[in-house]
Amino acid sequence: MQLKISLILLTVVTCGSCRKTPDVIDTVAPVLSSARLYYDDSPAFPDSARQVVRDLTAWRDVWNQATSDQPSPPPRPVVDFSREMILVVSAGKMSPGDWIRVDSAGVRSDHFKVFVRTVLECQRFQADAYPFEIVRVAHAGEAVDWVEDREEADNCRNEE
């Protein structure tokens with residue numbers, strides 16, 4: 001009997017120092033094409049910016065700005081702001097063929113992270129483009145950390 005109690009105590013003491021399961025599980029996931037609400041190269045957003053939209057009033061303003069160059073703007077998508085939020089990423093003045101994209105978003109290490117990729121074409125044109133993208137993601141109460149990746153397009157890399 002004393003041996004059983006000793007084993008139980010040893011197990012409890014040992015497990016007390018076992019590694020605990022983290023309170024927050026990483027949930028970073030790719031942004032699917034169905035979550036991409038709008039993309040354009042118009043000068044609606046002329047500067048490089050990152051914006052989080054968490055309410056209907058701001059969403060109306062962003063949508064009106066994004067579609068301002070359209071002769072017949074598409075209807076504004078319905079967003080449930082109790083469960084979702086909108087991310088707007090704009091690259092500023094670039095060249096046609098350059099683009100910007102939200103690759104993935106979610107919680108990592110107790111922070112809501114958004115991974116943004118900007119790709120530059122190697123052949124530069126004498127015209128201006130202002131690429132921007134609007135995506136829908138799950139609502140997060142946390143502040144957003146933007147993680148940037150800027151690269152040349154695959155066709156620009158020299159073959160060795």
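Sequential numbering from 1 along the given sequence is applied to the chain's residues.
Screening Leu37, Val88, Thr57 for a side-chain contact (heavy atoms from CB on, under 4.5 Å) with Val62, the sole residue that qualifies is Val88.
Using a 4.5 Å heavy-atom cutoff, the side chains of Val52 and Leu87 are in contact. With contacts defined as side-chain heavy-atom distances shorter than 4.5 Å, the pair Asp41/Pro96 does not qualify. Using a 4.5 Å heavy-atom cutoff, the side chains of Ile100 and Val116 are in contact. The shortest distance between side-chain heavy atoms of Arg76 and Leu56 falls below 4.5 Å.
Both Tyr39 and Val119 are assigned to one and the same hydrophobic cluster, defined by single-linkage of ILVMFWY side chains at heavy-atom distances under 4.5 Å. Hydrophobic clustering, with ILVMFWY side chains joined whenever heavy atoms are under 4.5 angstrom apart, keeps Val79 apart from Val114. In this structure, Trp146 is a member of the same hydrophobic cluster as Met85, with clusters built from ILVMFWY side-chain heavy atoms closer than 4.5 Å. Cluster membership check: Val144 does not share its hydrophobic cluster with Ile86, using side-chain heavy-atom separations under 4.5 Å among Ile, Leu, Val, Met, Phe, Trp and Tyr. Val31 and Val89 fall within the same hydrophobic cluster, where Ile, Leu, Val, Met, Phe, Trp and Tyr residues are linked whenever their side-chain heavy atoms come under 4.5 Å apart, directly or through other members.
Across all non-hydrogen atoms, the minimal contact from Phe112 to Ala105 is CZ-CB, 4.0 Å. Pro131 and Gly92 make their closest contact through CD-O, 3.7 Å (heavy atoms, listed as atom of the first residue, atom of the second, distance). Contact detail for Val53 and Phe81: the closest heavy-atom pair is O-CE2, 3.5 Å. Of all non-hydrogen atoms in Thr67 and Pro74, the two that sit nearest each other are CG2-CD, 4.0 Å. Nearest heavy atom pair, residue Ser42 against residue Phe132, reads OG-CE2, 3.7 Å. Residues Ser104 and Pro30 come closest through the heavy atom pair CB-CA, 3.7 Å.
The closest donor-acceptor contact from the side chain of Asp98 to the backbone of Glu121 lies under 3.5 Å. Distance alone, capped at 3.5 Å, is enough to place a donor-acceptor pair between the Glu84 side chain and the Asp80 backbone. The backbone N or O of Val107 sits less than 3.5 Å from a side-chain atom of Thr27, completing a donor-acceptor pair.
Hydrophobic cluster membership for Leu120: Met94 (Ile, Leu, Val, Met, Phe, Trp, Tyr linked by side-chain heavy atoms under 4.5 Å, directly or transitively).
Arg36 is linked by a side-chain hydrogen bond (donor to acceptor under 3.5 Å, both in side chains) to Glu133, counting only residues two or more places apart in sequence or in another chain. Remark: Asn64 pairs with no residue by the side chain to side chain contact (heavy atoms under 4.5 Å, CB included) rule, at least two apart or across chains. A search for ring pair (Phe, Tyr, Trp, His ring centres under 6.0 Å) contacts involving Trp63 returns Tyr38, Trp59, not counting sequence neighbours. By the ring pair (Phe, Tyr, Trp, His ring centres under 6.0 Å) test, Phe115 is found to be paired with no residue, residues two or more places apart in sequence or in another chain being considered.
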task = Mind running side chain to side chain contact (heavy atoms under 4.5 Å, CB included) on Phe45 and Asp40 for me, showing each step along the way?
result = CA-CA 10 Å; Phe45 297 94; Asp40 202 354; over 6 Å; no
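In this structure, the separation between NE2 on His139 and CZ on Arg83 is 12.0 Å, given to the nearest 0.5 Å. One finds the CZ atom of Arg136 at 8.5 Å from the OG atom of Ser34 (value rounded to the nearest 0.5 Å).
Contacts classified as side-chain hydrogen bond (donor to acceptor under 3.5 Å, both in side chains) and involving residues 43-56 (residues at least two apart or in different chains) are given here: Arg50-Glu148.
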